[in-house]
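Written below as structure tokens is the structure these notes are about.
Just follow the structure's listing: the first ligand is 1, and inside any ligand the first atom is 1.
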Amino acid sequence: MAKNETMEGRSDASAGDAAQVIDRQAQPRVVTTPPPGDRSAELPRATAYEVAQAQFNMVADFMDLDPDLRAYLSRPQRELIVHFPVRMDSGEMRIFTGFRVHHNTAKGPTKGGIRYHPDVTLDECRALAMWMTWKCALMNLPYGGAKGGVIVDPHDLSRGELERLTRRYATEISFFIGPERDIPAPDVGTNAQIMAWIMDTYSMHRGYSIPAVITGKPVSIGGTVGREYATGLGITYVTRAVLKQRFGRGLEDIRVAIQGFGNVGSWTALSMHERGARVVAVSDRFGGVFNEKGLDIRHLMRHVQETGSVTGFAGGEPLSNRELLELPVDVLVPAALEGQITRENAPRIQASLVAEGANGPTTPEADRILEERGILVIPDIICNAGGVVVSYFEWVQGLQSYFWNESEIRRRMEQTLLDNLEAVIGVTVRRGCNLRTAAYVTAIERISEAVRVRGFYP
Ligand SMILES: NC(=O)C1=CN([C@@H]2O[C@H](COP(=O)(O)OP(=O)(O)OC[C@H]3O[C@@H](n4cnc5c(N)ncnc54)[C@H](OP(=O)(O)O)[C@@H]3O)[C@@H](O)[C@H]2O)C=CC1
Ligand SMILES: O=C(O)CCC(=O)C(=O)O
């Protein structure tokens, strides 16, 4: 997938926002190395599914969740594995493997992205589907959680190969998805063009256009304005609210480091930059770029469109992903993959606030270390929920064939995020727990109620 496709459809995400001025001294950049004799980096890392299970079990203990409900919610409801052939440009036929997991349908059809990445596994999809269940419930959306993926590096495919792979995967999962059943969306390695191919393939099977089968598609075929940047802008809204509430500070002149410069990372960077934050470092899988005075994000985006990477950007100096995570900044936004903040590097994180743009970037052990060190974490299921909230708006608009304007989308997204953030903060106070536990408690209580009234189990 060409980098400029991921960046397609960008528009100004900042209109009408006031930034607050704060007084803060620039801090020096530090480059850290592991302490001598530290072998923790060599220890096996928990998988995403182990992390998702551990997070759920900790909260189930905390809220003394009914054992039957715990058993029911701790596993996905349905899982699909598909193996399918794709003709490559060379004439060779290759077999690819993909997945789609529905974690829970108590509150409605399932919702969640499709990932194209060489490391996709069934277990990873199970974890991501479970997180989607909590996220949708926390946002009060009428959905359960799902996730899917294909084991493939999309950067290795031509556009034609990517389209053939997508259409074949869509065909294989087509009986498992649908506007009333399961509504996919973009995730790592997929974009609006891929959503369009899935919508088209699904519609070809049915014989008429069914835009509501998928979200994150182009506006020209029933997508919504605002979905492209929704996750990043939502992260900025939530981070701004937490900074104000917990630290009495605004975004202006806050120093931010962002790991990942794809859909989520780049839009977070731009929307924070436009509100006065100093985005001092960003990275992708090739490495990072640092500028103490703040990166010019629009120039950086142009550089990425031209070269496919943030590396080599003339407006900053190189740094590694590891160095980025450990920079002395106010806000750290992991916006790439799971398992980036671990017990190994958590003792060296210097940010005051970690805003989880990615799903599952912090392991439970790292969570504990950060909490002991007084570092606040905004959990993924609140922080990055702007994407699924606007996907919900896209689905609703598609079903009604009636479309809202951009300011309406932004207003409703901000309100949804901030109302639910406030509910979570209320739980932290009432139950004396951190934001992640409070977010999980809120979500699980809402699902438990749906399960109870539907009578899912006797
Ligand atoms: N898209 C969405 O709306 C939502 C996504 N999320 C989550 O946000 C995260 C990012 O998703 P998204 O932005 O869509 O994905 P993209 O594929 O658009 O971007 C992923 C970014 O992460 C970078 N990356 C990959 N591996 C590494 C690595 N080892 N170190 C540093 N950077 C790396 C990629 O680099 P490169 O460009 O070089 O490949 C790319 O910049 C995921 O956890 C996803 O589940 C959560 C909510 C909604
Ligand atoms: O937009 C959506 O429906 C889902 C986005 C997603 O996959 C996520 O929030 O992790």
Quick one: which ligand 1 atoms are inside 4.0 Å of a heavy atom on [X]?
{"X": "R115", "result": "42 (C), 43 (O), 44 (C), 45 (O)"}
{"X": "H155", "result": "39 (O)"}
{"X": "N321", "result": "30 (N), 31 (C)"}
{"X": "F286", "result": "38 (O)"}
{"X": "G357", "result": "7 (C), 8 (O), 46 (C)"}
{"X": "L337", "result": "26 (N)"}

Closest non-hydrogen atom pair between [X] and [Y], with its separation:
{"X": "G386", "Y": "L417", "result": "N-CD2, 3.7 Å"}
{"X": "P328", "Y": "R255", "result": "O-NH2, 2.9 Å"}
{"X": "I177", "Y": "R100", "result": "CG2-NE, 4.5 Å"}

Ligand 1 versus [X], non-hydrogen atoms closer than 4.0 Å: side chain, backbone, both, neither?
{"X": "N384", "result": "both"}
{"X": "D284", "result": "both"}
{"X": "R227", "result": "side chain"}
{"X": "A335", "result": "backbone"}
{"X": "Q340", "result": "neither"}

Considering [options] one by one, which has a heavy atom nearer to [atom] than any of the others?
{"atom": "atom 2 (C) of ligand 1", "options": "T215, V282, T231", "result": "T231"}
{"atom": "atom 36 (P) of ligand 1", "options": "E356, R285, K147", "result": "R285"}
{"atom": "atom 18 (O) of ligand 1", "options": "L325, N263, T268", "result": "N263"}
{"atom": "atom 8 (O) of ligand 1", "options": "V390, V310, V264", "result": "V264"}
{"atom": "atom 41 (O) of ligand 1", "options": "Y116, W131, F261, Y229", "result": "F261"}

Backbone or side chain, does any N or O of [X] fall under 3.5 Å from an N or O of ligand 1?
{"X": "H117", "answer": "no"}
{"X": "G189", "answer": "yes"}
{"X": "A336", "answer": "yes"}
{"X": "G387", "answer": "no"}

No-hydrogen, no-angle side-chain donor-acceptor test under 3.5 Å, [X] and [Y]:
{"X": "T121", "Y": "D123", "value": "no"}
{"X": "Y392", "Y": "R412", "value": "no"}
{"X": "T166", "Y": "Y116", "value": "yes"}
{"X": "N384", "Y": "N359", "value": "yes"}
{"X": "S203", "Y": "D200", "value": "no"}

Do any nitrogen or oxygen atoms of ligand 2 lie under 3.5 Å from a protein nitrogen or oxygen, and which ones?
residue	atom	partner	partner atom	Å
ligand 2	1 (O)	R227	NH2	2.9
ligand 2	1 (O)	S391	OG	2.6
ligand 2	3 (O)	K111	NZ	2.6
ligand 2	3 (O)	S391	OG	3.4
ligand 2	7 (O)	G113	N	2.9
ligand 2	7 (O)	K147	NZ	2.6
ligand 2	9 (O)	K135	NZ	2.6
ligand 2	10 (O)	K135	NZ	3.0
ligand 2	10 (O)	K147	NZ	2.7
ligand 2	10 (O)	N359	ND2	2.9

For the side chain of R115 and the backbone of G189, is there at least one donor-acceptor N/O pair under 3.5 Å apart?
-> no

Below 4.5 Å, heavy atoms only, C-beta onward: do E356 and I378 meet side chain to side chain? no

Query raised in the report: Heavy atoms, side chains only, cut-off 4.5 Å: are Y72 and I447 in contact?
Result: no

4.0 Å heavy-atom contact, S309 with ligand 1: no

So is E338 close enough to ligand 1, meaning a heavy atom under 4.0 angstrom away? no

Atom [atom1] of [X] with >12 non-hydrogen neighbours under 6.0 angstrom:
{"X": "R206", "atom1": "CZ", "answer": "yes"}
{"X": "Q415", "atom1": "CD", "answer": "no"}
{"X": "F175", "atom1": "CZ", "answer": "yes"}

Run E449 and K107 through salt bridge (Lys or Arg N to Asp or Glu O under 4.0 Å) and show every step you take.
CA-CA 9 Å; E449 170 60 9; K107 286 177 72 66; over 6 Å; no

From the list Q55, H103, E338, side-chain hydrogen bond (donor to acceptor under 3.5 Å, both in side chains) partner of W131 resolves to Q55

Identify whether the distance between the nearest side-chain nitrogen and carboxylate oxygen of R159 and D89 falls below 4.0 Å.
no

